[in-house]
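Single-structure report; data block below.
Predicted, not measured: the structure shown is a model, and the values here were computed from it. The sequence lines fix the lettering, A, B, ..., with proteins before strands; numbering per chain opens at 1.
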Number of protein chains: 2
Amino acid sequence: MQARSGRSVTSKVLALLDAFGPTEPALTLSELARRAGLPLPTAHRRVAELVAWGALERGDDARYRVGLRLWEVGSLAPRGLGLRELALPVMEDLYEVTHENVQLAVRQGLELVFIERIAGRHAVPVLTRVGGRFALHATGVGLVLLAHAPAEVQEQVLAGPLDRYTELTSTDPKRLRRQLAEVRRVGYAISDRQVTMDALSVAAPIRGPDGVQAAISLVVAYDRADPLALAPLVQAAGRVISRALSGPHGR
Amino acid sequence: MQARSGRSVTSKVLALLDAFGPTEPALTLSELARRAGLPLPTAHRRVAELVAWGALERGDDARYRVGLRLWEVGSLAPRGLGLRELALPVMEDLYEVTHENVQLAVRQGLELVFIERIAGRHAVPVLTRVGGRFALHATGVGLVLLAHAPAEVQEQVLAGPLDRYTELTSTDPKRLRRQLAEVRRVGYAISDRQVTMDALSVAAPIRGPDGVQAAISLVVAYDRADPLALAPLVQAAGRVISRALSGPHGR
DNA sequence: ACCCGCGCTTTCACTGGATGAAAGCCGACC
DNA sequence: GGTCGGCTTTCATCCAGTGAAAGCGCGGGT
C-alpha cells in the first residue's frame, strides 16, 4: 500500500547503487537489501544482473562492491574525469610552485564534489576524498561555487541549516551573503579556518561557456599562510583551466 | 528488431549506460535508443529516470552525458579510485625519479583498464586514457596481468585473435606463451615496441592477498630506453604498492 | 557427529509497471 | 506558414517483476 508497489524497477536498481558510500564500500546482500529498502529476493535478482554486467562485484567474502565497469562508465562524465584531464597539468604546476594541497571541485545540487586533489606530502593533511561531498558554505571552493551558483541555489543554501565546523564557520546567512558578494567582487575566495582551525584555503573560479563550472583551491596550514600572495596564483590557474575548458571542448 | 521481449528492465538500463564510450560522450535520445537497441519511448522513460537520479545529465544541446552522480558511485570501486589512492604517491615518486610516463592498470576480463597515469610533459605522448581499455598481449602492464591471470583467461587470450599493432607485436601464441613464462620468471615485463615503434614499456606486478591485482609500468621513448636499468625501479614501486594493498585494506 | 540457525537462493501464482504503436507536440529549416 | 525530424505523451495489453514461503548450505555450538 505504501512504498510496497508503485516503485519502478529502475529506481530499485539505482537505490542499490545508492546503498554504497565512502564508509560502506562493501555490503552483504542483506545489508544491500535493507539499505535500498527492498525485499531480499528482489535485491538478490537485481544484484545478480548488476554483477553479470560488472556494475557490482562479488568478493570472496560474499560481500558486494562497486565494480570496475561502473567506474569505467563513470569516468566518462564530462564533469568528472573529463574536467580532471584538463585541470590536472595546471594543478601539478600549482603544486610545483607552492607545494601545498591543490583541490578541484564542482557543485552538485546543494553540495560540492571533489573531482581531484594533489595532496602535498609535507602540507597539512586534507580530510576530503576524491569523489566525496561537502557543504558549500565553508570551504574555499564551496564559497566560489556558491557565489556563482543560480540565485535559487544560493537561497536554498542560505535558508537551510548551515553546519558549523569551527567557531569561524559562517552560519549566519547575513554574513555569508556578504562574503559571497565579496567573492564575486574580488574574483577569489578565502576560507579562513572555517573547516578546521589549522587550515585556510584560497579558491578561484573556473569558467566555461555557461558560467562558473568548477573551482580550484590551495589548502595551506594557517600559521604559514599568506592568502593574499597565493590568490593571484590560484586565480591564474583558474583562468588557464577556463581557457582549456572553453577551447577544444566547446560543447 | 529481434530481441523484442524477454529482456529485463535492468538490462535495458545498463544497455543505455553502455551506449556511452570514449568516442561518444554525448548522445541524443535517438542515438541512445539505437545504440541500446530500444524503442524510442522506452529509452525516453528509462533515460528520464536516470536523469532524475543523476546517472545521466542533459545538456543545453539536448544531448545526454554521463552524470556526476554516476562518477561518484563509480569512484567507490575498490579497483578504481581505491587502488589509485594507494598507488598515486608511489607513482609520483617514480615519476620524480625518471620523468617518464607512469601507468597503472588492472585486468577486466580479457582486456586491461587503465586506472591512473602520470603523463610526463616531456616524455613520449601516450595514447591511452584513464578509464580506457586495451588488449592484454601487447603492453607491459598487459603482459604482467596476463602472465599472472588464471590459466583459463590465458588460454582464451591465446586462442582469440591477437591484434597486431606493430611488426613486433606478439601475434604468435607460441611466442607469447614463452614471453609470459619469462615474465613470471624474472618478475617484470618488457614490451619492446609492441604497441608503437617509438616506445617501450617496463612493467611490474602489484600483488594483493589473492595474487596479482594490478600492474605498474613506465613507458619510455625507444631511443633513450634502458629497460634493464628501469626494471628494478618499477619492481620496487610495485612492491611498495603491494605492501600498502595487503596492509590496512586487508581482505 | 549431530543439530540449530542464519543468510542466501529458488519456486510459483499473481499483478501492476513496462511496453510500443500511434497520435500529439515543438522547433528548425525551407 | 508549411513541412519535416525528433521528442513526448497516451492507452490498452501483457509479461517481467514480485514477495511469501519453502529449500538449501554452511558454520558454530553442544
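Between the CG atom of A:Leu38 and the C1' atom of D:dT18 there is a distance of 11 Å, rounded to whole Å. Rounded to an integer number of Å, the gap from NZ of A:Lys12 to C1' of C:dG16 is 10 Å. Spacing between atom CZ of A:Arg46 and atom C1' of C:dT9 amounts to 14 Å, rounded to whole angstrom units. Atom CG of B:Leu16 and atom P of C:dT19 are 10 Å apart (whole Å). Whole-Å rounding puts the A:Glu49 CD to D:dG17 P distance at 6 Å. The distance from atom CZ of B:Arg7 to atom C1' of C:dT19 is 13 Å, rounded to the nearest whole Å.
With rounding to the nearest 0.5 angstrom, the CZ atom of B:Arg58 is 10.5 Å from the OG1 atom of B:Thr28. Summarising the geometry, atom CG belonging to A:Leu162 is positioned 6.0 Å from atom CG belonging to A:Leu176; distances are rounded to the nearest 0.5 Å. Here CG of B:Leu70 is found 10.0 Å from OG of B:Ser75. Values are rounded to the nearest 0.5 Å. With values rounded to the nearest 0.5 angstrom, A:Gln154 atom CD is found 10.0 Å from A:Leu136 atom CG.
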Find every protein N or O atom lying less than 3.5 Å from an N or O atom of nucleotides 8-11 of chain D, and list the pairs.
unit_1	atom_1	unit_2	atom_2	d
D:dT8	OP1	B:Arg58	NH1	3.1
D:dT8	OP1	B:Arg58	NH2	3.0
D:dT8	OP2	B:His44	NE2	3.2
D:dT8	O5'	B:His44	NE2	3.3

>> Please evaluate residues A:Arg185 and A:Glu182 with respect to the criterion salt bridge (Lys or Arg N to Asp or Glu O under 4.0 Å), reporting the C-alpha separation (whole Å), side-chain torsions for both, the decisive distance (0.1 Å), and the verdict.
In response: CA-CA 5 Å; A:Arg185 194 177 66 79; A:Glu182 182 70 3; 3.0 Å; yes
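In this structure, B:Arg69 is positioned above the aromatic face of B:Trp53, its NZ or CZ under 6.0 Å from the six-membered ring centre and within 45° of the axis.
Between B:Thr42 and A:Ala62, the residue anchored closer to the 5' end of DNA chain C is A:Ala62, taking for each the nucleotide with the nearest heavy atom.
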